[in-house]
Each structure stands twice: as structure tokens, then as C-alpha cells.
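Quick notes on the structure that follows.
Only heavy atoms go into these numbers, but all of them, side chains included; no hydrogens, no water, no symmetry mates.
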Amino acid sequence: MGDHRGAPGPRHRRSADHALRNPPVRGGLPDPIVRRDGRARPRGTRHLLDLRTRTPREGTRLTSGSLPPRFDPGAFERRWQEAWDRANLGRAPDRPKGTTFTVVLPPPNVTGDLHLGHILGYTITDLLIRRARMAGLATLWLPGIDHAGLATQVAVRSYLAKQGIRLEEMSRGQVIARVEDWKRDHERRILAALRAGGFSLDWSRYRYTMDPAYERATRRAFVALHQAGLVYRGERFVNWDPVLQTAVSDLEVEHAEEPSTLLYLRYRWADGSPGGLVVATVRPETIFGDVAVAVHPDDGRHATAVGRKVRVPLVDREVPVIADAGVDPTFGNGALKITPRHDLLDHEIFQRHPDLPMPPDVIDATGRLDSDWVPHRFRGQDREDARKSVTEALRSGGFVDHEAPYVHAVGRSERSDAVIEPRLSTQWFVRMVPMVPPVVEAVRSGDIRLYPGRWELTFYRWMEKVQDWCISRQVAWGHPIPVYYCSACLHETAAEEPPTECPECGHTPLKPDPDVLDTWFSSWLWPFATLGWPDDTPDLAHYFPTTVLVTGRDIMFFWVARMMMSSYFFQGRPPFRSVLFHGILRDEQGRKLSKHLGNAPDPMDLLRQRGADALRFAVLFPNPVDQDGCFSPASMDNARNFLTKVWNLVRFAQAHLPDGTDPPDRAPALTADSPLENRWILARWRRTVDDFEQAIAGFEVTRAAGLLHSFLWYDFADRYVEVSKEALSGRRGEPLRHETRAVLLFTLERALRLLHSIVPHVTEELWHAIPHRGELLAHAPWPRADEAPDDPEAVVAMEVVYDAIRTLRSLRAENRLAPTSLPPAWVRPSGEETAEVLRAQKSLVLEQARVGALNFLAGDAPPPAGSAPSVTPHGEFFLALPSERSRAERQALERERDKLTGLLARAEQRLADPGFRHRAPPEVLKASEEKARDLAERIRRIQEHLAADAPAGTG
RNA sequence: GGGCUCGUAGUCCAGCGGUGAAGACGUCGCUCUCACACAGCGAAGACCGCCGGUUCGAAUCCGGCCGAGCCCA
């Protein structure tokens, strides 16, 4: 690989060879919009899924090193991905020296394709990873995929169902073969998307939750927990999915309010006396499994009923009325039918009354009524149908006292949407409670930090009431539970490798457990199993604990919390130092992006049409990633516009940097003669780096992106580039031209380095178009703030200058002066400092405000005749007008006066308050007084100007 | 039932005790000025959800209400 290290330089890039290897994007059509004709272009017609991909104009890309005016991601993204691959960019060192920076990729499920939420998480991570790598840390970003047991089997199941194939009718082996086909297909697509996104992962360490080594880690974990008594098998109530016919964990059940009917059923007295006990239920179909009716012991209404017997409707079976404190006397009539096999609470009550008989299941694993206790006519009916027919039978039998609409929480299976059936069954569980304390302590003490911090509260709450975790699943796709049963002595053996004989009695062969493990039972080992655990590998020693986990907060409990538990149990250490939770992306109407709603753009389409960089920038900015942000066509346009801006900045620089310009190894040394703009842009750059680093330290990635956006666009492009054109032209002398070129190049090159962490391809392409040192931007050193000097004076002075420029430009526009005219202007500065700055930077104001002269008025000089005034905090400005004052100008003055009057009123009110004068800090008081004086003075001057030509008035 | 988050211009969103409430999209003028019309310059547009409280001072802190969403049972 060594001989291919060199990245393609500009020469390589321009070769026709490359143009051929990167043909125009598929489906590209010529752009029908006339580009240079602003008038013909329809306004506001932009679409996210704009399929009119631009065909690169022949010739533009291949001509003499100059970049076309717009960038075409299709022309270079692939090429740089390949260059990074050749340079082994993502490859982490085997023997790292110094600080390491490790992230494990939350492994995408092979269930389906990547969605925008993945792209968001990966973009954030790649930002952190590229930055760490450029900063010289030993950086590992470990990729992988998750077999996603149940979820994938369900996906395959519905895929097959569309072809009329029923998964239930296939053998276990056939199911696995089908799912493996599916997995291969989706793995390929996921990996293609990860590459297309430009994510700098270490592919040499790629892992899959079902590769043999990972399976071994999963078995080791199970056996170790089994030995520790933290994994056990038992008959307990579980959430049963009757469609998929498997148990699922509490987390896989989604609760929602659903309308139903509450039936008040009359259970007649067994002794034949009139009346009976009225029992309320929403599940009449379970009455066949009743073994008692319970009332609260303190419920006076039913005191005499306790101890008597009632008959279960429709079957006439006699059951006792019992008293139990578990009954909620406020529900229905306060009488509860006890169906111990189909309701958790009923089961608890049942257990406190040992004399009650244990009934059979009256609902089977498929959700149908079945058992000797069920009358023949109802057997085989599905729960929903049975509810209707049983209700009907109860009504016609006169058992329904009354009925009422009722809304109650119904649990549905996350995967099949089937209503969960509480079912007593024998399953494997993990005891969670003993695993909680070190995790809670880690978060409390800050050993693991959650970002944003507000999630801590939610995290603790869940931890406090965590329940045992049901980990066995009755499906084919997953890690087999490594337990083997002896048919002779009934001993169960948990072992990493199948034992040949029963360790208790020597019996052979042993029967393996038929179930598989919950997919999260392998995922919760991800941060260390991927690094080689259970072996004592160098990677584990070097790269664990990992640095940060970046993930959606929807899997906080499924995954993040459980990883912490497993890590403290198996490693005695946290799995990561920080967790960054990002939000869920929504569309413009605030809906979750989902395939089902059809509002989820496929990231691959966006990647192909708009490029990885635009997509990456769009998910980070402008909507904050830590909230449930909105992803809209506008964000994509915004990103594209910004990248075009950066692209053109480089084109500008290219045009002004002569061949042979030195690479910007350090910030240019400024002299006492250096112009304000050069001092200012370097100071602004320094502050931008500082702010960027501060934002990243708190994982505020949207703010970080925004800082670069506003620096490059508003400071660098709108101000610095405009201001420096004069110097770059050479009209202000060669020494200044030389210095300005150096400042321009330094600032732009450094900004590309920071920006590279977010939009790697376009920055890499641009970096190679300007003087630089090194083979790849991806390997360039991370900029440091202290490379450039701070210069607070320059920052303040530039603000004063630009206030003046804005004021004069505004006067021009309001008075509709011709763009070419160069009217003279006057200023009466409000203070000596302002006066000094404006005097020193006069030429800058003349140029940027397009005025012919800037004259300074003494404090008492009258306003120049025939001029438009504007009164600002920095002074009074006047612009010469060709004729009398315009109506627009008068209105602007009046508006300004009214606004200032309002402000003054507020300021005076504050100053009139004795409390304020006594309690406010002196500097605040002083500032307020100055402000009020300043406002009053400016209002006075505006009034003068208005009065000066009031009679004319007509403009 | 318990908990969390969010209500700021037409839209998105920043600010989180003293600001003339920042920015973007959109809107309206002017400009195809030799990096960029996917642009530049200028303009209009917000009593910061409502009601109380704390404070000399509240968009910002506290309480209540109303509205939107999410999580857990």
C-alpha cells in the first residue's frame, strides 16, 4: 500500500482520466434554468428533491486549474474518498502513543437502510474524529453492524409475506438462510452509504454482532452472568407478542391510550339468592380463566360478599369472593375478577391466596381462546373476535349490568404492533438491580457525562425502577442461548462451547436451549467486544474506555444504559467518558421522519443529488442537533449556498495569489503599518478558533458549524474580501499587496482546515487548489487560536467603520442615489475615539460606502445644505443629495425619532426610579445616564433636521 | 397517573438577569460592480404564549394557567 500513499495533486485531479472515472451523476438532466439571468429565474422555486442534477459543463473542469463558478460534488467526492482510503485515513495505529480518541459507531441494524438520523449521528462523530485526528491524537472510529435479531426477522417476514410466503411455515434453517440473504444485501447498502458519506471509519476493525468472535463474546457474557447468578431462568409474566409468538422485553412495548368498552358484568350468587356481584372488565373474553372475584378488604359495599361464592357467567363455574388489598376500590364497582394467567395484578393477588386453583391458559400463544375451561363455541377464536362474541353472549344471557366507553392504556409490540398479551411463561432474565449502583454513581460523579445534561434526570428515574430484563426470544434469528439440558437428570448447563455430556450425570446427548438472545444482549457488549473482549487484546488495552458515544436519545435505555451496566460488570470501568444525545429529525410540520409517512428522504438520494458535504452541513446547521430539529429542503439549499460561497472564496483567492506563493506555514507577521483589515481579520480568526473549540468542548456542534458559517460568510467574504480587493490589486503598493495576500491565504487555508471536519470533500478539493503544505487536508494539523494575534482595538475599530459604512449605504439606498454616483458625505463624530478611527480609516469608508469625500464637522458647525442626515450612536452623518429631501428620507428620520423617543422614555423611567439609583451597580447607572443623554441629543438633532425643511415637506 | 422538553417577526431558530432582542429562510426595493444572482447592498417585519411573583431591573429566575411534543407506567 505504501507506494500509493501520495494523494492526487492538482495535476492528477485535472486529468481526463478522472473525469472519465467520475461520470456525471446518474439521472442528470440539463439545468433548464438560465443561470446568469436573474430576472428570468423564478424566485423561491427550490426543491429538496430537485432531480435536475447539473451536468458539469464540458471544458470548465479541465481548463488550466481554475475552478468552475459552482461546485459539483459528483465530480470529486468519490475521488477524495478513494484518496483517503489509499492513505489509510481511518486506520488507527496498532500501538498508539499518547492520548487516544475512540468512538464506536452505534452499529446500524441490518434491518433496513440508513436514514437521516444515522447521517446526523455520523456527521457529528466524524467532526469529532477528524478534529481529533488532525490534532494529533491516536484516533479510532470503529464501524460495524448489528444483526438486530427480532427486528430483522420481522422485516424479512413481511417481505416474504408480500410474495405469499409464510415465515411460520419454514424450518429454522430456512428462516436463517433467508435472513442471511437479507443481511448481506443490506450490509452492502449500508456500507456503501457510509462510504458515500465520507465518514472516516477504521474499516480494518469492522465488526458484526454475529461474527464468530463476537458470538463468543456474547456466550462468554451469558455464562459469566449465569455463574454470578445474574442470569436466571424462571416462570414469570412476560410481554407476549402473539403475532410473532415470542416474548419481548418491557422496553419493546409501546403504550398508548386506546378507546374500549368497560363491561359491568353480573356474577350471580352461587346459592341462587337474587342479585349478584357486579364486576367491571375490559376483557370479557378472559372470564373463562377466572378463579375468584376480589374486593378490597375495607370496602364496605362488598363486606358481606367476602366468603360467598359467585358463578362465572356463561360457564356457571363457582368461584369464591375474596378480599385483597391489591384491589383498587375506585375502579368499576370495586370488584375485580381474578384471571391469574392473563393479568399481572390478578396473578399477584392469586399468589396471596394459595387455596385458589391454578387455571390453564385460556388464551394460547397465538392469541386464540383455547382450553378445557373455554366453551367449545368460543375455542379457536382470536382475542378480538372472542371479545365481541363473548360480549354478545353475555348481553343476550342478561349478564351485562351496564356498559360504558372507556379509554385505557394498551401495550403494543414495537415490532408487530400486536396488542401485547401478558403471559406466564418460562424465560431467561437478567437481574438488573445489582448492576445499577456503579452506573448511577458514575453519572453522579461525572465519570460519565451526559450531554445535554438534562438527560441525567430521566436517566436516574429509569435506573431507580428498572425491572429484570427478559432476554430470551422464541425466534430463529439471533445468538442461541448457550444452555444445554440433560434429559436424564434435568440439569441445565450454561457453557461457552456445547458440552459433550452432562457434567452432573454424564448423560449424552444434551438438548440445547431452543431460544435465542434478545439482540440487545449482544449490543450491550459493543464497546469492548468490538475491541477483542473476552481476549485481552492490545486494542482493548489501548482504546478502551472509549471517549464519547454519539447516539439518538431514543435508545438511551435500550442500549446506552445497558452498555454502562455491562461495562462496569465485565470491565469494572465505564464504556465511554461522555455520551452525546442528539435529537430526532422532523419534517417542517414537526412530524418524525418516517418511511411510513413518506416524509423521510432517503439519504442515498440526497447524497447522490446534492453531495455528502451539503447533506452533512444541512443536518448540523442551522437547526440545533440536541433538540428534535427540523430537516427541510431549506437546510439543504442553505448548505449548498454556503459551500458555493466557500468555493468562490477560493476562486477569488486563486485569482489573486501568484504562482509560487508560499504555503501558509504561520500567520503573517503584521507591522505597525499594517492596515486595519488585516489586523482585524486575524483577530476575528483567532476568536473564531477559540469559540469553535469552546463549542466542541461542550459538544455544541451546531454552534461550532454556525461559527464557521458566519466567520466565512460575513467576516471573511462580505468584509475582508471586499476591503482587501484594493490592496490585492497592487494599487496600494507591493509591500501591502504581499502582506494582504499572505493574510488572505493564511485565513482561508486555516478556515478550510476547521471546516474540513464538517464538510471534508469540498474542503479537500479546495485546499488542493491553493498553496498548501502536505499531501492531504485530512492530515493537516488542527489550527490553534494562538497562531494569530488578538487585537481588541482592531475589532472595535472595524465595528465603528462598518457602522459608518452601513449608515451611508442606507442613506444612499433610501434616497435612491444612482449606483455610480459618488456624493460627498459629512460626519460629526460623537466622540474623539470615533473621530480618530474614522479619520484613520477614511479611505475604507469612501470605498465601501461609495462616497466621494468624507468631511469632518466641528461640534457647532451647521449641517451642510442639501444633505440627508442620519443620527447614529457614533455620530451624525450627512450625505449630499442632488435635490431636495425625499419623502422616504423624511419618513426614515421620523421612524428613527419615534424609536429613539421610546427608548429614551424607557431609560428615563429607569433613571427616575430611586430604587434603581440606590441598588444598581454604579457602572450600570453611569451607562444608563450616558445612554439617556445620548438619546436625547440625537432626538434633538433629528428634530432640527426635520424642522429645517418642514414647510416643504412634500419631498 | 408520574416526569421531561419546547412556546421569541409569516417560518425556523439564537440569546437564558442590565443588548437599540442576533441570525437564517421568506417578503419588498436597487444592482448581472471583473469570486459568487446558489450573489451583493439596502428596507420592512417581534409589546419574547398568558397571569402572577422575586428583583432597583425579567425574554432570561420562581409559581400557576394555556398550547405543542416526547418519555415512563
Heavy-atom nearest nucleotide on RNA chain B for A:Pro819 versus A:Ala256: which residue maps closer to 5'? A:Pro819

Quick check on the 6.0 Å ring-centre criterion: do A:Phe617 and A:Phe642 meet it? yes

Rounding to the closest angstrom, what is the interatomic distance between B:G69 and B:U27 at atom C1'? 30 Å

Would you mind classifying the nucleic acid contact of A:Ala920 as base, sugar-phosphate or nothing, using non-hydrogen atoms under 4.0 angstrom? base

When rounded to the nearest Å, what value does the distance between P atoms of B:G57 and B:G52 take? 16 Å

Could you tell me how far B:U60 sits from B:U8 if I compare only their P atoms? Round to whole Å. 13 Å

Sequence neighbours left out, what passes side-chain hydrogen bond (donor to acceptor under 3.5 Å, both in side chains) with A:Glu258? Give chain and number order. A:Arg412

Within residues 708-715 of chain A, the residues having a heavy atom closer than 4.0 Å to RNA chain B are A:Trp713, A:Tyr714

Kindly state each residue pair satisfying salt bridge (Lys or Arg N to Asp or Glu O under 4.0 Å) with at least one member in residues 701-726 of chain A, sequence neighbours excluded. A:Arg684-A:Asp715, A:Glu700-A:Arg703, A:Arg719-A:Glu799, A:Glu722-A:Lys725, A:Glu726-A:Arg731

How far, in whole Å, is B:A21 from B:C32 if one measures between their P atoms? 35 Å

Could you work out which one of B:G42, B:A73, B:C38 sits closest to the side chain of A:Ala813? B:G42

Considering only atom P, compute the distance from B:G26 to B:A39 and round it to an integer number of Å. 8 Å

Filtered N/O pairs between nucleotides 66-68 of chain B and protein, under 3.5 Å:
none

Span that lies between the C1' atom of B:G63 and that of B:U54, in whole angstrom: 10 Å

What is the nucleic acid contact for A:Lys725, judged by heavy atoms within less than 4.0 Å: base, sugar-phosphate only, or nothing? base

Figure out the CG/P separation between A:Leu817 and B:U31, and round it to whole Å. 13 Å

Taking any heavy-atom pair under 4.0 Å as a contact, classify A:Arg806: base, sugar-phosphate, or nothing. sugar-phosphate

Roughly how many Å is it from CG in A:Leu450 to C1' in B:C71, rounded to a whole number? 15 Å

Using only modelled atom types and a 3.5 angstrom limit, is any donor from either the side chain of A:Glu700 or the base of B:A14 paired with an acceptor on the other? no

Expected list for residues 643-653 of chain A: side-chain donor-acceptor pairs under 3.5 angstrom, two or more places apart:
residue: A:Thr644; atom: OG1; partner: A:Arg640; partner atom: O; Å: 2.8
residue: A:Trp647; atom: NE1; partner: A:Pro68; partner atom: O; Å: 2.5
residue: A:Asn648; atom: OD1; partner: A:Arg651; partner atom: NH1; Å: 2.9
residue: A:Asn648; atom: ND2; partner: A:Pro69; partner atom: O; Å: 3.1
residue: A:Asn648; atom: ND2; partner: A:Thr644; partner atom: O; Å: 3.0
residue: A:Arg651; atom: NE; partner: A:Leu67; partner atom: O; Å: 2.9

Salt bridge (charged side-chain N to carboxylate O under 4.0 Å, His left out) between A:Glu464 and A:Arg461: does it pass, once the steps are laid out? CA-CA 5 Å; A:Glu464 279 157 17; A:Arg461 295 199 140 267; 5.5 Å; no

Taking 4.0 Å as the cut-off, does a side-chain nitrogen or oxygen of A:Ser928 come that near to OP1 or OP2 on B:G18? no

When the distance from CG of A:Leu657 to P of B:A35 is rounded to whole Å, what number comes out? 13 Å

Table please: side-chain donor-acceptor pairs of residues 707-714 of chain A below 3.5 Å, with sequence neighbours left out.
residue: A:Ser710; atom: OG; partner: A:Gly706; partner atom: O; Å: 3.2
residue: A:Ser710; atom: OG; partner: A:Leu707; partner atom: O; Å: 3.4

Counting just side-chain N and O atoms, does A:Arg454 come under 4.0 Å of either OP1 or OP2 of B:C4? no

Which part of the nucleic acid does A:Ala927 contact within heavy-atom distance under 4.0 Å: base, sugar-phosphate only, or nothing? nothing

Test of understanding: with salt bridge (charged side-chain N to carboxylate O under 4.0 Å, His left out), list the residues that count as partners of A:Glu677, not counting sequence neighbours. A:Arg732

To the nearest 0.5 Å, what is the distance between CD on A:Gln467 and CG on A:Asp250? 6.0 Å

Under 3.5 Å, which protein N or O atoms sit close to an N or O of nucleotides 52-55 of chain B? Give each pair with its distance.
none

Is any side-chain N or O of A:Arg640 under 3.5 Å from a base N or O of B:C38, one able to act as donor and the other as acceptor? yes

Test: side chain to side chain donor-acceptor pair (under 3.5 Å). Region: residues 909-918 of chain A. Which pairs qualify, not counting sequence neighbours? A:Arg917-A:Glu929

Pick the nucleotide of RNA chain B nearest each of A:His656 and A:Asp913; which residue has the one closer to the 5' end? A:His656

A:Asn641 vs B:C36: side-chain N/O to OP1/OP2 distance below 4.0 Å: no

What is the distance from atom CZ of A:Phe716 to atom OG of A:Ser724, rounded to the nearest 0.5 Å? 7.0 Å

With a 4.0 Å cutoff (strictly under), does any side-chain N or O of A:Arg461 reach OP1 or OP2 of B:G3? no

Considering every strand and a 4.0 Å limit on heavy-atom distances, what is the contact class for A:Asp718: base, sugar-phosphate, or nothing? sugar-phosphate

CG of A:Asn239 versus P of B:A73: gap in Å, rounded? 9 Å

Base, sugar-phosphate or nothing for A:Leu457? Non-hydrogen atoms, less than 4.0 Å. sugar-phosphate

What integer distance in Å separates A:Trp455:CH2 from B:C72:C1'? 12 Å

Sugar-phosphate, base or nothing in reach of A:Val721, heavy atoms under 4.0 Å: base

Write down the protein N/O and nucleotide N/O pairs, taken from nucleotides 19-21 of chain B, whose separation is under 3.5 Å; answer none if there are no such pairs.
residue: B:G20; atom: OP1; partner: A:Lys931; partner atom: NZ; Å: 2.1
residue: B:G20; atom: O6; partner: A:Arg938; partner atom: NH1; Å: 2.8
residue: B:G20; atom: O6; partner: A:Arg938; partner atom: NH2; Å: 2.5
residue: B:G20; atom: N1; partner: A:Arg938; partner atom: NH2; Å: 2.6
residue: B:G20; atom: N2; partner: A:Glu896; partner atom: OE2; Å: 3.1

Spacing of A:Lys465 atom NZ relative to B:G1 atom P, expressed in whole Å: 15 Å

Counting side-chain heavy atoms from C-beta on, which of B:A35, B:A73, B:G42 comes nearest to A:Ser810? B:G42

Rounded C1' spacing from B:C41 to B:U5 in Å: 41 Å

Spacing between A:Tyr802 atom OH and B:G40 atom P, to the nearest angstrom: 12 Å

Validation row: A:Arg610, A:Asp637 side chains within 4.5 angstrom (heavy atoms): yes

Stems field, RNA chain B, Watson-Crick or wobble, 3.5 Å, at least 3 pairs, by first number, holds B:1-7 with B:66-72, B:10-12 with B:23-25, B:27-31 with B:39-43, B:49-53 with B:61-65

Rounded to the nearest Å, what distance is computed from the CD atom of residue A:Gln848 to the P atom of nucleotide B:G40? 14 Å

Same-atom distance (P) from B:C6 to B:C62, integer angstrom: 11 Å

In chain order, what residues pass the side-chain hydrogen bond (donor to acceptor under 3.5 Å, both in side chains) check against A:Arg812, with sequence neighbours excluded? A:Ser821

